[in-house]
S.K.: 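Structure incoming, see below.
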Amino acid sequence: MSLSFDNSYARLPARFFQVVAPEPSPRPGLIRVNLELADTLGIDQSWLHSRQALELFAGNRMPPGAASIATAYAGHQFGNFNPQLGDGRALLIGELQAPSGERYDLQLKGSGRTPYSRGGDGRSPLGPVLREYILSEAMFALGVPTTRSLAAVSTGAKVYRQEVHPGGVLTRVAKSHIRVGTFEFFAARQDVEALGMLVDHVLTRHYPDLDSSEPPAIRLLRGVVERQARLIARWQLLGFIHGVMNTDNCLISGETIDYGPCAFIDAFDPAKVFSSIDRHGRYAYGNQPRIGAWNLMSLAEALLPLVAKSDPEASQIMQGILDGYEAIFEEAFAQGMRDKLGLCDEEDGDDDLAANFLEALSRESCDYTLSFRRLSDLAHPESQPDSQIGELFRFPESFTSWLDRWQRRVARQALSPEERQAQMYTHNPALIPRNHLVHAAIIAAEEEQHFCAFHDLVDALREPFRYSSGRREFALAPRPEQCVTQTFCGT
Ligand code: AMP
Ligand code: MG
């Protein structure tokens, strides 16, 4: 079989990218391929295990029809504008049209230097490759829009950081890799023609259904604001901290990208930061919604030259769209919280009920994920003991009055306890990619070439909403000595 590429991004003008061949890997080794994702993409499963596929995933041989380009972008990093970033350790090798009609980018990450590498080596240690595989696939299973992982390979080359690491390449799949920073790149060069082409490209590709009576740039902003607001609400509801919400890591398609320093909260704390380089907490859990708005403002600024001349009111319209972000976010978050708390109708005190629960979690440093899961158990205490997490987590004494209030609230609904619990179990995962498990899987792979922990974790996380006592080790909160306190960018 061969992959049938249709590379629409590579057909844009030459200033959008640089054509670069990947650097070959000396001794490629297959670690994992994603059969389910291959099906989605219409890739033959037997081909996935072929030598040809491995040569592609390792950057050794490009299949016919591949384009192999490093795309140009800029970005605000921790609030500071860098006009020249671009794929410094990644190559877009082509776009596949899935059987569903959806178009997907295939990208190699860690495949060697490009003209955008600046001081970097364009390589990736194996650790960040495995980390992204685990996290992105877990996010997908948790129902969050995200880039995905088709394959993880080892390269056989050494990668030098503070220490020497084995090298790896991740094959990443995304609806596209176009970022807020891609627009900022052309805006910084006052290249209005390129901006216009990029808007058209993105509207066709990601927003074909938006009302076409509005000017394209305004339509695009409206679409991206909506998707980003909903995306970040999903992160908040899961306790996911992205960690590096720079505008070059903010995708126009509304998918989560960049699993460098991200982490899931265990003990709940809205001020929580994991990333070693986020010294002032710009990207703390509780700041994420606000930073999302900031990134969208950067997008609006980049788009403004397209409309400002012809339409004096354009900036006001854009401001109105940006102002609408908060309401979309709040609505999505409130609905998500109702789902998590098992509320199928709306009452006045619901927002308070949710807010008080979060305050209590934070005051008592309760595990975020297990608290919601335990609440789901309590929705129907007589359900299967084997599916309950009571032996892993129980609410402290101080929750008694809140729990009474919640029981009275849910009792006012038409749902039976069984129904309520079944519904809550679909919104409150038992399993998340726990930082200590991710860490342990990476250490075993990097230091001892043992991949069992990695595979077991990826397998378990394909069904994050299913719990039985057999999956206990994946659901447990970390013991104090297991807690991961810092994460690193993995560059
Ligand atoms: P990130 O922190 O992953 O969002 O990357 C920010 C920028 O640094 C992007 O332009 C990357 O391509 C570039 N970069 C990160 N790591 C490397 C590396 N090892 N070699 C070359 N460029 C890199
Ligand atoms: Mg990035």
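Just so it is clear, the values below take in all heavy atoms, side chains as well, and ignore hydrogens, waters and symmetry mates. As the structure lists them, so they are numbered: ligands from 1, and atoms in each ligand from 1. We number each residue from 1, following the sequence as shown.
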S.K.: For this output row, return yes or no: ring centroids of Y285 and F268 closer than 6.0 angstrom.
M.R.: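 Yes.
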S.K.: Assess K109 for proximity to ligand 1: is some non-hydrogen atom of it under 4.0 Å away?
M.R.: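 So K109 does not count as touching ligand 1.
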S.K.: By number and element, which atoms of ligand 1 are closer than 4.0 Å to a non-hydrogen atom of D258?
M.R.: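 Atoms satisfying the 4.0 Å criterion: 1 (P), 3 (O), 4 (O).
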S.K.: Select one of side chain, backbone, both or neither to describe which atoms of Y116 lie under 4.0 Å from any atom of ligand 1, heavy atoms only.
M.R.: neither
S.K.: Polar-atom distance check: R118 versus ligand 1, any N or O pair below 3.5 Å?
M.R.: yes
S.K.: Look at atom CD of E163 and say whether more than 12 heavy atoms of other residues, nucleotides or ligands are closer to it than 6.0 Å.
M.R.: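 12 or below, so no.
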S.K.: Suppose I only count heavy atoms of G120 and a 4.0 Å limit; which atoms of ligand 1 are within that range?
M.R.: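 What qualifies from ligand 1 is 20 (N), 21 (C).
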S.K.: Is there a nitrogen or oxygen of Q77 sitting under 3.5 Å from a nitrogen or oxygen of ligand 1?
M.R.: no
S.K.: Do the numbers put R222 on top of the ring of Y207, so that NZ or CZ is under 6.0 Å from the six-membered ring centre and no more than 45° off the axis?
M.R.: no
S.K.: I'd like to check which ligand 1 atoms, numbered from 1 as shown, lie under 4.0 Å from a non-hydrogen atom of R161.
M.R.: 19 (N)
S.K.: Under the side-chain contact (heavy atoms from CB on, under 4.5 Å) rule, collect the residues that match up with S8, sequence neighbours excluded.
M.R.: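 Residues passing side-chain contact (heavy atoms from CB on, under 4.5 Å) with S8: R11, E95, R103, H201, R205.
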S.K.: Please confirm whether L85 comes within less than 3.5 Å of ligand 1 when only nitrogen or oxygen atoms on both sides are compared.
M.R.: no
S.K.: In ligand 1, which numbered atoms sit nearer than 4.0 Å to a non-hydrogen atom of N249?
M.R.: 4 (O)
S.K.: Going by the side-chain contact (heavy atoms from CB on, under 4.5 Å) test, name the single residue among N246, V273, I241 that passes it with Y283.
M.R.: N246
S.K.: Under 4.0 Å from a heavy atom of R123: which atoms of ligand 1 are those, numbered in the order shown and with their elements?
M.R.: 19 (N)
S.K.: Using the benzene-type ring in the case of Trp, are the ring centres of Y368 and F264 under 6.0 Å apart?
M.R.: no
S.K.: Under a 4.0 Å heavy-atom limit, does Q84 contact ligand 1 with its side chain, its backbone, both, or neither?
M.R.: neither
S.K.: I'd like to know whether E446 forms a side-chain hydrogen bond (donor to acceptor under 3.5 Å, both in side chains) with H165, so could you lay out the CA-CA distance, the side-chain angles of the two residues, the decisive distance to 0.1 Å, and finally the verdict.
M.R.: CA-CA 7 Å; E446 275 214 345; H165 299 266; 2.8 Å; yes
S.K.: For ligand 1, is there an atom lying under 4.0 Å from some heavy atom of V244?
M.R.: no
S.K.: Work out whether the distance between some heavy atom of G86 and some atom of ligand 1 is less than 4.0 Å.
M.R.: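 Yes.
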S.K.: Ring-plane angle category for W47 and F57, please: parallel below 30°, perpendicular beyond 60°, tilted otherwise.
M.R.: perpendicular
S.K.: Of L370, L135, T369, which meets side-chain contact (heavy atoms from CB on, under 4.5 Å) against I432?
M.R.: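 Result for side-chain contact (heavy atoms from CB on, under 4.5 Å) with I432: T369.
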S.K.: Only counting residues at least two apart or in another chain, list the ones meeting side-chain contact (heavy atoms from CB on, under 4.5 Å) with R15.
M.R.: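 Here the qualifying residues are P13, F186, D191, E193, A194.
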S.K.: To the nearest 0.5 Å, tell me how far L296 CG sits from M318 CE.
M.R.: 11.5 Å
S.K.: Can you tell me how far CD of Q107 sits from CG of D87, rounded to the nearest 0.5 angstrom?
M.R.: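 Answer rounded to 0.5 Å: 5.5 Å.
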S.K.: Output yes when the distance from some N or O of ligand 1 to some N or O of D87 is under 3.5 Å, and no in every other case.
M.R.: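 Min N/O separation from ligand 1 is not below 3.5 Å for D87.
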S.K.: Pull out every atom of ligand 1 sitting under 4.0 Å from any heavy atom of G122, numbered as shown with elements.
M.R.: 18 (C), 19 (N), 20 (N), 21 (C)
S.K.: What is the ring orientation for F451 with H455, classed by angle as parallel under 30°, tilted 30 to 60°, or perpendicular over 60°?
M.R.: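 Plane angle between 30° and 60°, so tilted.
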S.K.: Would you please name every residue forming a side-chain contact (heavy atoms from CB on, under 4.5 Å) with I277, sequence neighbours left out?
M.R.: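 Once residues adjacent in sequence are excluded, the partners of I277 under the side-chain contact (heavy atoms from CB on, under 4.5 Å) criterion are F78, S275, C489.
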S.K.: Counting each atom of ligand 1 from 1 as listed, which ones have a heavy atom of D248 under 4.0 Å away?
M.R.: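 Result: 4 (O).
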S.K.: Measuring from the Mg ion (ligand 2), count protein N/O/S atoms under 2.8 Å, please.
M.R.: 1
